Amino acid sequence: MRIATWNVNSIGARLDRLKGWLAAAQPDVLCLQELKCATEAFPADQVAELGYETAAYGLGRWNGVAVLSRVGITDVRRGIDGDPGYEDAEEARAIGATCGGVRVWSVYVPNGREPGHAHYQYKLHWLEALHGTVLVETGGAPQRPFAVLGDFNIAPTDDDVWDISRFAESTHVTEPERKALAVLRDSGLTDVVPRPLKYDHPYTYWDYRALAFPKNRGMRIDLVYGNQPFAGAVSDAYVDREERKGKGASDHAPVVVDLDL
DNA sequence: ATGCCAACCCGGGGTTGA
């Protein structure tokens, strides 16, 4: 089984790219983030032509997540328990579904803006709620392959950014954010680190500006956190950096995981 | 060449992203 995650930075702007990538990469399950569309506006008919069912969750112009599957899609959950919301409003940042016997969550963790900002506190609280959801979902079915995939907006180690000295006073690399990832790992999840197709670091995001991609000034912030039944079945994992190339690319590349399931 | 920010909504500019 092939499972992937991809922050598309607008499904509307990326639809042609998405369809081309689905046809080429042939994932069985694809977790999407940053749809930037409402649930009912997701182009489900377009991906259905390629054999995929859709479970989407979007509330408007920001955020938005989905799961596409060609191996069935059941038990869909929109949002996580205890979601703190931002400024009294819940955002569309998580959707769970069971596909071909694997339980997956597609997540778009809040950015945080800057340390000390209200959005940064929101990010940490949101991650606490995600942890709670993981405990409930994995505790009830410990033998079922389970994974949280998506844009975590956190680089797990200094090695996961192109130059740590450029990230002083920045989000994505702070100790509290990394601690939140450690808490997820302590609850039984493993960071499934993909291999890069070029260069030494499996970056998944490169800024659009300042030639970041050609210079490989990237970050590994799109992560796959799987339980033992999931991580133990992984046969390969890679970042499809080819999808970051050319006109009309997202600023994130897909992360692809192959499983012996 | 991998190539110098893009997408949203609104109606040119502010907001967001990381």
Side-chain angles (χ1 to χ4, degrees), chain A residues 5-18 20-21 32-43 58-66 85-87 89 91-93 107-124 126-127 150-174 176-178 180-181 196-223 238-255:
Chain A
T5 180
W6 187 15
N7 178 324
V8 288
N9 186 18
S10 167
I11 190 68
R14 218 66 61 209
L15 185 56
D16 287 346
R17 280 253 187 180
L18 172 65
W21 190 79
L32 296 171
Q33 301 87 36
E34 273 209 270
L35 304 178
K36 295 185 175 178
C37 77
T39 300
E40 59 274 16
F42 189 94
L59 295 173
R61 65 186 287 201
W62 303 118
N63 314 307
V65 287
Y86 186 59
E87 294 179 340
E91 301 178 318
R93 294 186 175 276
V107 301
Y108 179 44
V109 176
N111 171 291
R113 308 261 172 89
E114 56 190 56
H117 195 285
H119 207 264
Y120 179 79
Q121 291 305 317
Y122 167 50
K123 181 178 195 173
L124 297 178
W126 197 91
L127 287 161
D151 180 356
F152 281 71
N153 273 318
I154 304 170
T157 73
D158 288 356
D159 221 30
D160 293 312
V161 297
W162 60 279
D163 181 356
I164 190 61
S165 73
R166 305 288 279 268
F167 286 81
E169 310 302 317
S170 296
T171 57
H172 295 61
V173 299
T174 68
E177 291 169 286
R178 287 175 173 172
L181 290 182
L197 294 183
K198 191 177 182 182
Y199 305 125
D200 297 331
H201 297 90
Y203 299 141
T204 65
Y205 162 86
W206 300 261
D207 197 292
Y208 284 123
R209 294 165 289 189
L211 293 171
F213 182 62
K215 292 178 177 176
N216 200 32
R217 295 180 169 184
M219 305 170 72
R220 185 172 77 92
I221 55 175
D222 298 272
L223 309 176
Y238 65 93
V239 182
D240 190 357
R241 71 187 303 281
E242 296 299 312
E243 183 52 43
R244 180 62 181 77
K245 296 181 179 180
K247 183 176 174 60
S250 170
D251 43 2
H252 296 252
V255 177

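The figures here come from the full heavy-atom set of this structure, side chains too, leaving out hydrogens, waters and symmetry mates. Within every chain, numbering begins at 1; the chains are lettered A, B, ... in the order of the sequence lines, protein sequences first and strands thereafter. Quick caveat: nothing in here was measured; it's all calculated off a predicted structure.
- Residue A:G246 is classed as a sugar-phosphate contact, given heavy-atom separations below 4.0 Å to backbone atoms only.
- Look at A:R14 and you won't find any side-chain N or O under 4.0 angstrom from OP1 or OP2 of B:dA6.
- Summarising the geometry, the separation between NZ on A:K247 and P on B:dA7 is reported as 8 Å, rounded to the nearest angstrom.
- Taking atom C1' in both B:dT15 and B:dG11, the straight-line distance is 16 Å, to the nearest Å.
- A:W206 has its CH2 atom 14 Å from the P atom of B:dT2, to the nearest Å.
- Among residues two or more places apart in sequence or in another chain, the salt bridge (Lys or Arg N to Asp or Glu O under 4.0 Å) test is passed with A:R93 by A:E91.
- Taking atom CG of residue A:L211 and atom C1' of nucleotide B:dC5, one finds them 11 Å apart after rounding to whole Å.
- Taking the six-membered ring for Trp and thresholds of 30 and 60 degrees, A:Y205 and A:H252 have ring planes inclined between 30 and 60 degrees apart.
- Among the candidates A:V239, A:N216, A:D160, the single residue satisfying the side-chain contact (heavy atoms from CB on, under 4.5 Å) test with A:Y203 is A:N216.
- Between the side chain of A:R178 and the main chain of A:T157, a donor-acceptor pair closer than 3.5 Å is present.
- For B:dT2, its base never sits under 3.5 Å from the side chain of A:K215 at any donor and acceptor pair.
- Within 6.0 Å of CD on A:E40 lie more than 12 heavy atoms contributed by other residues, nucleotides or ligands.
- Summarising the geometry, the separation between CZ on A:F213 and C1' on B:dA6 is reported as 16 Å, rounded to the nearest angstrom.
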Q | Worked verdict on A:N63 versus A:Y86 for side chain to side chain donor-acceptor pair (under 3.5 Å) | A | CA-CA 12 Å; A:N63 314 307; A:Y86 186 59; over 6 Å; no
Q.
Can you build the contact string for nucleotides 13-18 of chain B? Use B for base contact, S for sugar-phosphate-only contact, and - for no protein heavy atom under 4.0 Å.
A. -BBSSB
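- Checked against A:N7 for a side chain to side chain donor-acceptor pair (under 3.5 Å), the options A:D151, A:D222, A:T204 give a single hit: A:D151.
- Counting to the nearest Å, the P atom of B:dC9 and the CG atom of A:L59 are 14 Å from each other.
- Only the P atoms considered, B:dA7 is 14 Å distant from B:dG3, to the nearest whole Å.
- The gap from the C1' atom of B:dA18 to that of B:dA6 amounts to 13 Å, rounded to the nearest Å.
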